[in-house]
Trainee: 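Would you mind keeping the following structure in view while I ask a few things?
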Amino acid sequence: MSATVSFSLPSAHGPKTVTVSYARVGTGEPLLLLHGIGHHRQAWDPVVHILAAEREVIAVDLPGFGASPALPDGLTHDLGTVVPVLGALCEALELDRPHVAGNSLGGLLALELGREKLVRSVTALSPAGFWTTAERRYAFGVLMAMRLGARRLPLPAVERLSRTAAGRAALTSTIYARPGRRSPEAVVAETLALAHAEGFTETLRAGIGVQFTDDVPGLPVTVAWGTRDRLLVRRQGIRAKQIIPRARLVRLPGCGHVPMNDDPALVARVILDGSR
């Protein structure tokens with residue numbers, strides 16, 4: 001079941017109220033799930049039921065994405081703000097240093113939470129921030145084109161495309177290696193989420209200068225990369241391993257940039273193994 005929580009965050013202009021939408025299910029040690037830019041928490045749906053058998057799973061809509069409103073005036077959609085927002089969210093939900101798994105932007109946020117010692121383990125699936133300038137420009141160009149397409153396509157056209165494997169590939173093959181496996185309803189919902197994401201433009205702009213350059217000592221870190229990631233190419237995983245030398249680097253054969261739907265069993269196993 002989805003829910004919302006509101007909490008206060010300091011800003012230069014006084015305290016601001018932040019509201020975050022989330023879904024919470026399962027029992028066991030807490031596990032926070034963070035999606036990528038333009039996506040929503042339902043990106044994790046293929047693995048949530050597997051994870052919930054062993055973890056208390058809290059899947060979050062990041063501020064300005066999914067059902068979470070954008071941050072209020074005075075708070076910006078950058079790492080320096082969103083990481084404290086997630087820390088405050090954990091306090092509001094009484095999560096004492098949860099495990100965290102994130103994909104893309106969510107993977108970068110997961111690593112930042114690990115660096116700040118706000119979590120007990122990190123699993124990062126194709127995390128942002130390990131790119132060269134050229135690789136980042138390419139990825140951002142693809143993301144902007146996807147966003148433009150999602151905003152321009154009328155809903156009846158999206159629904160019509162979603163009904164065939166070829167149509168689902170046209171809409172989502174940039175992020176899924178096996179787009180035909182995504183349900184029509186999920187493809188429609190995530191296309192709408194991308195089109196309506198209030199935080200998209202500011203988050204992308206804030207990412208221009210982002211580079212993850214610090215080790216994450218003192219806690220277990222897993223970095224996993226799909227062998228068919230077309231957005232953030234897998235050699236970025238090698239750079240991540242060089243920067244975080246004690247990290248476990250895992251290949252996800254046949255998986256794209258958002259691997260949870262391409263191979264749910266494998267991704268769930270990687271997350272569970274990384275959060276022990």
Side-chain angles (χ1 to χ4, degrees), residues 7 9-11 18 20 22 30-39 41 43-44 58-66 68 70-71 75-93 95-131 135-136 139-140 143 199-200 202-225 231-232 236-237 239-249 257-258 270-271 274-275:
F7 47 88
L9 206 72
S11 81
V18 176
V20 172
Y22 67 97
L31 168 65
L32 195 66
L33 300 180
L34 307 175
H35 62 77
I37 187 170
H39 227 147
R41 67 173 182 266
W44 297 98
I58 305 95
V60 174
D61 278 329
L62 294 171
F65 299 97
S68 291
L71 292 171
L75 296 176
T76 52
H77 289 263
D78 57 16
L79 291 178
T81 302
V82 177
V83 172
V85 164
L86 293 171
L89 170 71
C90 289
E91 282 187 33
L93 296 180
L95 303 175
D96 181 25
R97 291 186 70 234
H99 302 283
V100 63
N103 172 226
S104 196
L105 167 65
L108 171 62
L109 289 167
L111 289 166
E112 291 284 352
L113 288 167
R115 210 164 53 81
E116 297 291 332
K117 300 291 186 285
L118 295 172
V119 293
R120 64 184 83 175
S121 75
V122 174
T123 303
L125 311 174
S126 294
F130 296 97
W131 43 45
E135 288 165 352
R136 181 195 57 73
F140 281 26
L143 287 167
F200 182 90
E202 194 179 331
T203 300
L204 201 66
R205 192 183 303 122
I208 290 172
V210 167
Q211 199 84 36
F212 196 90
T213 56
D214 296 329
D215 193 6
V216 185
L219 71 161
V221 176
T222 300
V223 175
W225 229 283
L231 191 66
L232 298 180
Q236 295 174 35
R239 292 188 204 122
K241 173 69 174 169
Q242 291 167 346
I243 291 164
I244 312 167
R246 284 179 293 277
R248 180 177 66 125
L249 181 60
H257 181 64
V258 181
V270 168
I271 293 171
S275 59

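Below, all heavy atoms of this structure are taken into account, side chains as well, without hydrogens, waters or symmetry copies.
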Trainee: Which is it for Leu79 and Val210 under the side-chain contact (heavy atoms from CB on, under 4.5 Å) test, yes or no, and what are the steps along the way?
Mentor: CA-CA 9 Å; Leu79 291 178; Val210 167; 4.0 Å; yes
Trainee: What's the shortest heavy-atom distance between Leu75 and Pro10, and which atoms?
Mentor: CD2-O, 3.8 Å
Trainee: Testing Asp214, Val122, Val216 one by one against Ile244 for a side chain to side chain contact (heavy atoms under 4.5 Å, CB included), which residue passes?
Mentor: Val216
Trainee: Do the side chain of Trp131 and the main chain of Ala139 share a donor and acceptor less than 3.5 angstrom apart?
Mentor: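 No, because the side chain of Trp131 does not come within donor-acceptor range (under 3.5 Å) of the backbone of Ala139.
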Trainee: State, yes or no, whether a side-chain contact exists between Asp61 and Val20 at a heavy-atom distance under 4.5 Å.
Mentor: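 They are not in contact (no side-chain heavy atoms under 4.5 Å apart), so the answer is no.
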Trainee: Begin from the C-alpha positions of Val258 and His39 and carry the test side-chain contact (heavy atoms from CB on, under 4.5 Å) through to its verdict.
Mentor: CA-CA 10 Å; Val258 181; His39 227 147; 4.1 Å; yes
Trainee: Please list, chain by chain and in numerical order, all residues satisfying ring pair (Phe, Tyr, Trp, His ring centres under 6.0 Å) with Phe212, sequence neighbours excluded.
Mentor: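 Per chain and number, Phe212 pairs via ring pair (Phe, Tyr, Trp, His ring centres under 6.0 Å) with Phe130.
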Trainee: Out of curiosity, Leu143 CG to Arg136 CZ, how far, rounded to the nearest 0.5 Å?
Mentor: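 Those atoms lie 11.0 Å apart.
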Trainee: Quick one: side-chain hydrogen bond (donor to acceptor under 3.5 Å, both in side chains) partners of Ser275, sequence neighbours excluded?
Mentor: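 Partners of Ser275 by the side-chain hydrogen bond (donor to acceptor under 3.5 Å, both in side chains) criterion, ordered by chain and then number, come out as Arg55.
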Trainee: Would you give the length of the straight line joining atom CD of Gln236 to atom CH2 of Trp225, rounded to the nearest 0.5 angstrom?
Mentor: 5.0 Å
Trainee: Do side-chain atoms of Ser68 reach the backbone of Gly64 as a donor and acceptor pair under 3.5 angstrom?
Mentor: no
Trainee: Evaluate Leu89 against Phe7 for side-chain contact (heavy atoms from CB on, under 4.5 Å), listing each step before the verdict.
Mentor: CA-CA 7 Å; Leu89 170 71; Phe7 47 88; 4.0 Å; yes
Trainee: Using the test side-chain contact (heavy atoms from CB on, under 4.5 Å), find all partners of Arg97 that sit at least two apart in sequence or belong to another chain.
Mentor: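 For Arg97, the residues satisfying side-chain contact (heavy atoms from CB on, under 4.5 Å) (neighbours in sequence not counted) are Arg120.
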Trainee: Indicate the atoms forming the closest heavy-atom contact of Ile58 with Pro30, along with that distance.
Mentor: CD1-CB, 4.1 Å
Trainee: Can you give me the closest heavy-atom contact between Leu31 and Ile271, atom names plus distance?
Mentor: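 Looks like CD2-CG2, 3.8 Å.
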Trainee: Please report the shortest heavy-atom distance between Arg248 and Gly274, naming the atom on each side.
Mentor: NH2-N, 3.5 Å
Trainee: Please list, chain by chain and in numerical order, all residues satisfying salt bridge (charged side-chain N to carboxylate O under 4.0 Å, His left out) with Arg246, sequence neighbours excluded.
Mentor: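 Residues passing salt bridge (charged side-chain N to carboxylate O under 4.0 Å, His left out) with Arg246: Asp215.
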Trainee: So, for Leu86 and Leu34, which heavy atoms are closest and what is the spacing to 0.1 Å?
Mentor: CD1-CD1, 3.9 Å
Trainee: Which atom pair, heavy atoms only, marks the closest approach of Leu71 to Thr76?
Mentor: CD1-O, 3.4 Å
Trainee: Does any pair with a residue in residues 105-128 pass ring pair (Phe, Tyr, Trp, His ring centres under 6.0 Å), and if so which ones, sequence neighbours excluded?
Mentor: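 Qualifying pairs, neighbours excluded: none.
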Trainee: Out of curiosity, Leu232 CG to Leu125 CG, how far, rounded to the nearest 0.5 Å?
Mentor: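 It is 12.0 Å, given to the nearest 0.5 Å.
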Trainee: Checking side chain to side chain contact (heavy atoms under 4.5 Å, CB included) between Leu62 and each of Val85, Leu105, Ile37, which is the one that passes?
Mentor: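 Exactly one option meets the side chain to side chain contact (heavy atoms under 4.5 Å, CB included) with Leu62, and it is Leu105.
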Trainee: Between Leu113 and Val83, is any pair of side-chain heavy atoms under 4.5 Å apart?
Mentor: yes
Trainee: Suppose the criterion is side-chain hydrogen bond (donor to acceptor under 3.5 Å, both in side chains): which pairs have a residue in residues 98-113, not counting sequence neighbours?
Mentor: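 Passing the test, one end in residues 98-113: Glu29-His99, His99-Ser121, Ser104-His257, Glu112-Arg115.
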Trainee: Nearest 0.5 Å, please: how far is CD1 in Ile243 from CG in Leu111?
Mentor: 10.0 Å
